[in-house]
Amino acid sequence: MLWQQLINGLALGSTYALIALGYTMVYGIIQLINFAHGEIFMAGAFFAFLMVMVLKVNIFIALILAMAFCMLLGIFIEFVAYRRLRNSSRLSALISAIGVSIFLSTLALLVFGADAKGFPDGIFPNGQLQLGSVSISFLQILIFVVSGFLMLTLQFIVHRTKIGKAMRATSQDYNTAALMGVNVNMVISFTFALGSMLAAAGGVLVGVYFNAVSFNMGLLVGLKAFAAAVLGGIGSIPGAMLGGILLGVTEVFTVTVGFSSYRDAIAFAVLVLVLLFRPSGLLGQKIQKKV
Amino acid sequence: MKKLIIISLLLGLVMMTWAGYGLSKESDTLKIGFLGALTGDVAMYGQPTLAGMKMAASEINQAGGVLGKKIVIVEADNRGDKQEAATIVQRFISRDKVIAIVGDPTTGITKVAAPICERNKVILLSAGATGTGVVELGKYIFRDTLLDTVAVPALIDYFVSNAGFKKVAVITSDNNDYSVGLTQVFKNAIKGKDCTIVSDEKVKDGDKDFSAQITNIKAKNPDIIFFSGYYTEGSLIMKEARKQGMKINMFGGDGLYSPTLISLGGQAIEGSMVYVGFSPEQPTPETAKFIEKYKTANKGVIPGLFEAQGYDAVRILAEALQRAKSSQPAKFRDAVAKTKDYKGVSGTITFQANQEPLKSPVYLLEIKNGQFALKAKVPVK
Amino acid sequence: MGNFLQNVVNQIDPYVMQILVNIGIGIILALGLNVITGLAGQLSLGHAAFMSIGAFTGAILTIKLGMPFGVNLLCSGFMAALFSVLIGFPTLRLSGDYLAIATLGFAEILKVVFLNLDITNRALGLSVPPPYSSIPLPVYVLISVVLAVTALALMQESRFGRALKAIREDEIAAEAMGVNATRYKIQAFAIGSFYAGVGGCLYAHFIAYINPSDFGFLKSIDILNMVVLGGLGSIPGVILGASLLTTAPEFLGFMKQYRMLVYGIILIILMLFRPNGLLGGVSFKEMVLKIFRKRTQPSRA
């Protein structure tokens, strides 16, 4: 049973990691807690759901379409709601993000209703891997692999490509980067596009995995993913993965030992404890105080 | 200066809308307030309740109204927010001059509304609150739901003697007042019966991942799962149980009873059972008529429990008005309290001396071939 | 006295009264957060947690002990402040967004704990009887608001207030100038939480039924919106923000289910065009003085 629970924890953790990756990347570049990230995740899930139910497309094609849709959505949101606020206080941007989040979730509620929607049975090959008493579904493996793959890809983009260099420059010093010829608007749009694509991928996979897509899924899962990103050290891409997995495994083992009612409390307690001993998260960079 | 203009504009807007409320005073109507959420996390209970209420009102009005007046449903959206609900109740009473308020489908907000209604002698008929300590809040507080304290002991007897269940796993949604209350009722009722609780797991409303709890339960090998929460989590729990290869079924209260339980649960929910005071599957003539009318009016949507209870609530009030021959608060209240064997679409309802509803019999429904099918009628003592 | 006040209160339309009391409670909560976020510059996403401590303390003191309401209010405020100090010691070392997530985490933990305690009656919540006092509740709200505003206005101009502003602008520079940043931050946290506790206690007795789930993340965000929308650090701004957001559902009511959609758009637009809030930078003292000068200056004919 312990091994099975470990698998459960890893699978749950991967879903957190999938969303935390997007959170952390946007934060890493423009230091904005993008509260609307969870809603983009929800929008991706609903878009794929519509594709599958109405146009009857294959789930993998729906996934790609949802990523494209959310990419545009992300760029649009950044352009409308955040761009003007880049030089204002960070709180203003945070409130604007909350406004976007309220808008999107209410829109989803109006369009799709309050009840959760499920993808049809058998949309995804429902096989299982049996290792002794432990069973792992293909979907669990896929989520794990996809989040690992995305983490590596992101790491590669940010650290090994030209646009990545521009992203890091923008994150270090916005004005200097602009002076040095970096097209910061383009870089930030790109960051949002990438982050939103990740959110969409996460939304579709999580929607299929938990078999429920609902207007409020963004807030509930988004909050945990945000916690995971901070736990790993917000801004750090491997940190988001680590934080997500750690949070997932902690939650599952809290349930295993019989404290299911304290599940969320323990998860956040771990977060707060880690922060006390490592104030910038597990893999986060030390905050440099400029004098 | 610019600031001043902005502020005065905003203030003007506030004033205008407040003033608007005072204007709509018609004496040839009887107003019933709808208290519930149309947006937000609990909108799935508010929306159907309102739909049921509106249907009842339009039927009554087509038949000539009550006491020569038309019934008007005054609606407002409380988003599931208590502060807003309190304001809305106050507005219904002092501005709209409603004669009664139907709602809220949740116990919590009903408890917020109850003291205000009691103070102002306005009937509050909750179409959904099943928790404890509701009607105790005042003489003007009623509800038309199936009470778990009545239904659960009868069901446990039925399960133990007919199905031979010995080991049960209990799952509670511990941020849901209905679920916590129902689990308490269940645990009290099972004491002394030939059946033990082998696993007691907690989930939360809004959770999507139940793998850890199901793995725990699987290790205890129970005969059945009792889940006291709502249908979204219920169907996801069964999905997870099937995923982990468990053959076990689930049963629970009318919080599970919704078409969404089946549409979301699919194959996994087959064989699971819910108990309700209302059965469209073996309908009374009243229920059958209601279902047909509702389907034609709503593009073939099959009504669920909340539609039925909202519908009944308005009907009960209208019937009491007829008997009272007046909407004067005290007379109206006494007439509602005397409701006896009212043949509602959500069950036959009698208000007892303590205002609690008695609905009998309890219908045990089983999900078969993607539909709720009647399994047994369990009489209530 | 009590009877007289009750009669005065009864003169006011109950619906308007309901809204006024809601505004009053909103102002107290928002002013509290304003001390933490507006003055000291520490982003807290868990203000509702301190409100819940006040609400449950107040409710339990009324239910179990029948404590007179005035004393009860103070106890609730102090209980919230006490918790904030206990939490503040370790967490206020964190900076910026890490502090924000720590406060959010604390709020979530507290909510789960309250959902599991018998004394808070778990998810079933507590029905709160009317307060033990002959003075009607709206009067308590009014007095609390007046005291809260006065105290904060005085605080802002004091040595303490200036120290907080120094920390907000530049913590390191402030410390270099001999300001003990940690101590001041904890004091600000405690004062803000005291306000939250008082607001929570008033809320509990006004709404008459409380439940741990009422004080979640969204409630904290609501209060934060009031502060930022009105104008961070500005007392008139916070009052305006609290009033507008509390009444927003009322005057957007005609939009029915589209209301929250519009609310979201309004938040975005306001931030885009007035990123420092409606009355950002407007000080209470200056505003009062301005009005006063206008009144006393003889109008030129």
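Computed over heavy atoms, backbone and side chain alike; hydrogens, waters and symmetry mates excluded. In this text the structure is predicted, and so the values were computed from the model without any measurement.
Interface residue A/L110: only side-chain heavy atoms are found under 4.5 Å from chain C. Looking at A/L276, the atoms closer than 4.5 Å to chain C (heavy atoms on both sides) sit in the backbone and in the side chain alike. The part of A/V272 that comes within reach of chain C is its side chain, from C-beta onward, which places non-hydrogen atoms under 4.5 angstrom from that chain. The contact between C/I221 and chain A is made entirely by side chain atoms (from C-beta outward), counting heavy-atom distances below 4.5 Å. Proximity to chain A (any heavy atom under 4.5 Å) is shown, for C/I268, by both the backbone and the side chain. For a residue to count as touching a neighbouring chain, one of its non-hydrogen atoms must lie under 4.5 Å from one of that chain's; by this rule A/R90 touches chain C with the side chain only. A/L109 does not touch chain C: none of its heavy atoms, backbone or side chain, sits under 4.5 Å away. For C/I266, no part sits under 4.5 Å from any heavy atom of chain A, backbone or side chain. For a residue to count as touching a neighbouring chain, one of its non-hydrogen atoms must lie under 4.5 Å from one of that chain's; by this rule C/L94 touches chain A with the side chain only. Heavy atoms of A/I33 lying under 4.5 Å from chain C belong exclusively to its side chain. Of the atoms belonging to A/L94, it is side-chain heavy atoms, and not backbone ones, that fall under 4.5 Å from chain C.
With ring centers used as reference points, A/F226 lies 6.0 Å or more from C/F217.
Each of C/N116, C/L267, C/L104, C/V228 has some count of heavy-atom pairs under 4.5 Å with chain A, and the biggest count is that of C/N116. Between chain A and the residues C/L110, C/I109, C/L43, the largest count of heavy-atom pairs under 4.5 Å involves C/I109. Note: A/L85 leads A/L85, A/I266, A/V80 in heavy-atom pairs under 4.5 Å with chain C.
Distance check: A/L271 CG to C/F106 CZ gives 14.0 Å after rounding to the nearest 0.5 Å. Rounded to the nearest 0.5 Å, atoms CD1 (C/I101) and CG (A/L223) are 6.5 Å apart. Distance CG/C/L115 to OG/A/S261: 9.5 Å, rounded to 0.5 Å. Taking OG from A/S88 and CE from C/M271, the interatomic distance works out to 9.0 Å, rounded to the nearest 0.5 Å. Atoms CD1 and CG, from A/I95 and C/L232 in turn, are 9.0 Å apart once rounded to the nearest 0.5 Å. Distance check, rounded to the nearest 0.5 Å: CG of C/L270 to OG of A/S92 gives 11.0 Å.
Considering only heavy atoms from C-beta on, C/V112 stays 4.5 Å or farther from A/F268 through its side chain. No side-chain heavy atom of A/P279 sits less than 4.5 Å from a side-chain heavy atom of C/Y98. The closest side-chain heavy-atom distance from A/F103 to C/M260 is not below 4.5 Å. Within the 4.5 Å cutoff, the side chain of C/Y263 has no heavy atoms near those of the A/T106 side chain. Here the side chains of C/L218 and A/L219 are in contact, with some heavy-atom distance below 4.5 Å.
Among residues two or more places apart in sequence or in another chain, the salt bridge (charged side-chain N to carboxylate O under 4.0 Å, His left out) test is passed with A/K224 by A/E251, A/D264.
Considering all non-hydrogen atoms of both residues, A/A81 and C/L272 come closest at O-CD2, 3.6 Å.
Atom CE of C/M79 has 12 or fewer heavy atoms from other residues, nucleotides or ligands within 6.0 Å.
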